[in-house]
Every structure is written in structure tokens, then in C-alpha cells.
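Okay, structure first, notes after.
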Number of protein chains: 2
Amino acid sequence: MSNHETVNEILVRLFANILDIEEKCLKIGEFADLSITEMHVIDNIGLTSERTMSDTAKAVKVTSGTLTTAIDNLIKKGYVERRRSSEDRRVVKIRLTERGREAYKSHEDFHKDLVTSALEQLNSQEEELLIKVLTNIDKFFSEKYKHAGWY
Amino acid sequence: MSNHETVNEILVRLFANILDIEEKCLKIGEFADLSITEMHVIDNIGLTSERTMSDTAKAVKVTSGTLTTAIDNLIKKGYVERRRSSEDRRVVKIRLTERGREAYKSHEDFHKDLVTSALEQLNSQEEELLIKVLTNIDKFFSEKYKHAGWY
DNA sequence: AAATATAATTTGAATATCAAAGTAATTGAG
DNA sequence: CTCAATTACTTTGATATTCAAATTATATTT
């Protein structure tokens, strides 16, 4: 098998399964009541500042209506708080509760494990190579298909 | 930014958006009436032989009921043919139509482009190294999380 | 021959999503 | 200043996807 085919095979398997894998990892952990989409909303809200609904909806690429119901559920489950902004009362600010921050950290750990594993046993030259390749893939999407309007 | 942080940032973005990105790439092409899930069913059926419903369902990780409706839709759209096996009349064999094969090839080209782009400017020694790195990531999933029953 | 197993389909329910309509607050043109 | 337009968000209604369980048809085993 050529290098190209080998790389394709591994990439396909990784990419095809990544969401599934992440979801299953979630399901065997402490935060099993979260879907992967909900976890990504939590990830996007982040640890520190409050975020508006619109900014979050744009960042996670759903309509604001969809985000409203997603946040309703996350509030019910105790991961998110919602309040109206006092400066502009149309605006709704959301932020993570303590449990939300725990979930965030757990998800962050998952990613750190992944990266640590990926970089394990690599010297700095090899790390540079990996970054070059990942950057190429990133470019493939953002440049070749930029007219579809990502990033 | 450290190598770890850089890798993490790119991986997070790629992994979080990969299906979305692939679907949008699909939507700007000739096969815009296919969802990314449907394309992956087509990819799994493949070019050559007929496949059974059960095998395909297992491979794409959906229940057979879900696959039945997915195939119903793909037949309606003209990408797949279905016939009952004459050896075992419980079994249903599916295969791609000519249009299905075109869609398959288009998707294959997409992946080839991606890999070519990823391997741009790498010499063969670097390609070998990349395979080692990707294999590490693959192992990370299949070993550390094998108890959840993948692969 | 009857019981069991297998392959696929159908059914019914749950979830996620979007577009469009609706509500409330702010901004800006005159 | 005022009211028309815009903005931010929520609600509504419709569609799509999925699963588990029940069903149908066929094959295998006892």
C-alpha cells in the first residue's frame, strides 16, 4: 500500500469515528448526561467570561433557535446559567455553573490526553512535521473551500 | 505557543468540524442531494460487489432499521439498487447504480485531494514519520478506549 | 414438524435541527 | 422626539434521523 493510501486509511478511520469515539468516551465518564454537541457548547462557552447567545450560536454553527433549546436543556441539567444583560436587555448572557466548569475541564483533559498521546515519543523535529501536516489539512479546508464561508 | 498547544488547537478545530466541513464540501458539488451520512453509506457499499443490509449496517454503525430507511432514500434518489438474494431469500443485497458509483468516485477524489494536500512538501522519509504519528493516535483510541468496543 | 434463529422491514417515540413568525428592546432617520 | 427599522432572542411548526421493539418472511435445528 502506498504512503498516500495508508495515510488516507488512517485519516478516514480517525475522522469518520472521531465524534462517535468522543461521544462514547463521554458516556463512560462522569458526564454521561451530556451529548457531544452539548459538550461542544460547554467547550465554547468556556471557563471565564459570560458569552451572548448569538456569539455562541455562531461559533457552534447552529441557528439561535436551536441554541435556545440546547441551552434550555443544559440549564435543566445544571451546567449553564442564563441572565439578561442589564446594559442591553435584548441580550442574554450565558455562563457555566460549577458543574459546567467541571465538565469543561474533563473535556479539556480528554483533548490533552489525545495530544499527549499523539506527540508521545516524538522529537521536536517530528513535532514540527506533524504541525506542518495538520496545517496543510487545515489549509485544504479553509482555502480550497473558503467560498462556502468557514472560519 | 507550544507545539502541544498548536497541535491541540488544530486538532480540536478539525475534529470538531470535520463532518460539517465534509458535508459543506459535498453541498457545493454535483451530489448536493446527499447528506454526509448518505455519502458514507455509499462509500461503504463500494464499487465492486454487492453487500448485504446487515453487513452494511454494522459497518456504518447504525441499526438495520435505520439503514433500511437510509437505503429507501438512496434508492429514491437513484444511487442504490436493492434485490433479494436468491440463495437466501431473507437476505437483501444492495449495490451502487451508475450514479452511485459516480458519487463514490467524487468522494474518493475528495479524500485523495485531502491527502495530497496534507502530504504536500513532504519527502518520503517524512511521510513514513507521519504514518508513525497517525498510528500513535489510532492506537490511543483503540487501546486506551477499547473497552467501549470499537474497531 | 415444530421450535428457534436470522435478515430485513415497519412502527412508534425521542431528539435535533431549521426557517419563519413572534416578542421585546434598541437605534437611527427625519 | 418619534416611529420605523433593526437587533437579540424565543417560540412554533415542520422535517429528518435515529433507535428499540414488534412484525414478517425465510432458513436452520432439534
Side-chain angles (χ1 to χ4, degrees), chain A residues 16-17 19-20 22-24 26-27 32-42 44-45 50-77 79-95 148-149, chain B residues 16-17 19-24 26-27 32-42 44-45 49-77 79-95 148-149:
Chain A
N17 292 332
L19 285 181
D20 193 40
E22 207 169 342
E23 175 124 43
K24 291 224 174 87
L26 207 54
K27 290 305 175 199
D33 62 338
L34 291 173
S35 73
I36 192 65
T37 309
E38 289 177 323
M39 187 55 102
H40 285 153
V41 171
I42 286 175
N44 186 271
I45 297 173
E50 292 178 311
R51 298 213 65 193
T52 67
M53 291 293 282
S54 347
D55 289 349
T56 309
K58 187 182 264 187
V60 301
K61 292 171 189 155
V62 292
T63 63
S64 50
T66 298
L67 187 66
T68 295
T69 60
I71 293 295
D72 287 346
N73 289 326
L74 283 171
I75 288 171
K76 254 184 237 153
K77 294 179 186 173
Y79 290 94
V80 172
E81 289 170 346
R82 170 159 51 188
R83 72 172 185 86
R84 235 164 232 292
S85 163
S86 45
E87 304 97 62
D88 183 339
R89 292 194 38 70
R90 291 169 305 179
V91 171
V92 168
K93 297 281 185 73
I94 51 182
R95 68 172 165 188
Chain B
N17 296 327
L19 285 181
D20 191 42
I21 288 171
E22 207 170 342
E23 173 127 38
K24 290 226 175 83
L26 206 54
K27 292 303 178 201
D33 62 339
L34 291 173
S35 74
I36 192 62
T37 309
E38 289 176 323
M39 187 55 102
H40 286 152
V41 172
I42 286 175
N44 186 272
I45 298 173
S49 59
E50 291 179 312
R51 299 213 66 194
T52 67
M53 291 294 283
S54 346
D55 290 349
T56 309
K58 187 183 263 186
V60 301
K61 290 174 188 154
V62 294
T63 62
S64 51
T66 298
L67 188 65
T68 295
T69 59
I71 294 294
D72 286 347
N73 288 326
L74 283 172
I75 288 171
K76 254 185 239 155
K77 293 178 186 174
Y79 290 95
V80 173
E81 288 169 347
R82 170 160 50 188
R83 72 173 184 86
R84 238 168 227 290
S85 163
S86 46
E87 304 96 63
D88 183 340
R89 293 194 38 73
R90 292 169 304 181
V91 171
V92 167
K93 297 281 187 70
I94 50 181
R95 68 172 165 188

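FYI, side chains are in, hydrogens and waters are out, and symmetry mates aren't considered; it's all heavy atoms of this structure. Letters go in sequence order (proteins before strands), and every chain restarts at 1.
Without hydrogens or angle criteria, K27(A) side chain to A32(A) main chain gives a donor-acceptor distance under 3.5 Å.
Residue T37(B) has its side chain nearest to dT18(D) when only dT26(C), dT18(D), dT10(C) are considered. When distances run from any side-chain atom of R90(A) to the nucleotides dT10(D), dT6(D), dA27(D), the shortest one goes to dT6(D). Distances were taken from every side-chain heavy atom of V92(B) (C-beta onward) to each of dT26(C), dT9(C), dA16(C); the shortest belongs to dT9(C). For N73(A), counting side-chain heavy atoms from C-beta on, the closest listed nucleotide (dT26(C), dT11(D), dA16(C)) is dA16(C). Of all nucleotides listed (dA27(D), dT7(D), dA19(C)), dA19(C) comes nearest to the side chain of T63(A). Nearest to the side chain of T66(A), among dA5(C), dT17(D), dT17(C), sits dT17(C). Nearest to the side chain of T68(A), among dT9(C), dC18(C), dT11(D), sits dT11(D). The side chain of T69(A) has dT17(C) as its nearest neighbour among dT10(C), dT17(C), dC19(D). Each of dT9(C), dA7(C), dT26(C) was ranked by its minimum atom distance to the side chain of V91(B); first place goes to dA7(C).
For the OP1/OP2 pair of dT10(D) and a distance below 4.0 Å, the side-chain nitrogens and oxygens of R82(A) include at least one atom meeting the criterion.
Here the closest heavy-atom approach between residue V41(A) and residue V60(A) is recorded as CA-CG1, 4.3 Å. Scanning both residues, M53(A) and L67(A), for their nearest heavy atoms gives O-CD2, 3.2 Å.
One can place NZ of K61(B) at 14 Å from P of dT18(D), the figure rounded to the nearest angstrom. Whole-Å rounding puts the M53(B) CE to dA25(D) P distance at 17 Å. Taking atom CZ of R84(B) as the reference point, atom C1' of dT24(D) lies 9 Å away to the nearest angstrom. Rounded to whole angstrom, the span from the CD1 atom of I36(A) across to the P atom of dT18(D) amounts to 16 Å. D72(B) has its CG atom 7 Å from the P atom of dT10(C), to the nearest Å. Atom pair K93(A):NZ and dT7(D):P shows a separation of 19 Å (rounding to whole Å applied). In this structure, R89(A) atom CZ and dT7(D) atom C1' are separated by 15 Å, rounded to whole Å. If you take CD1 of I94(A) and C1' of dA8(D), they are 13 Å apart, rounded to a whole angstrom.
Projected onto DNA chain D by closest heavy-atom contact, D88(A) and G65(A) fall at different nucleotides, the more 5' of which corresponds to D88(A). Summary of the strand contacts: E87(A) and L67(B) both lie near DNA chain C, and taking for each the nucleotide with the nearest heavy atom, the more 5' one is attributed to L67(B).
Side-chain N/O atoms of Y79(A) and D33(A) include a donor and acceptor closer than 3.5 Å.
The local environment of CZ in R89(A) is sparse, with at most 12 non-hydrogen atoms from other residues, nucleotides or ligands closer than 6.0 Å.
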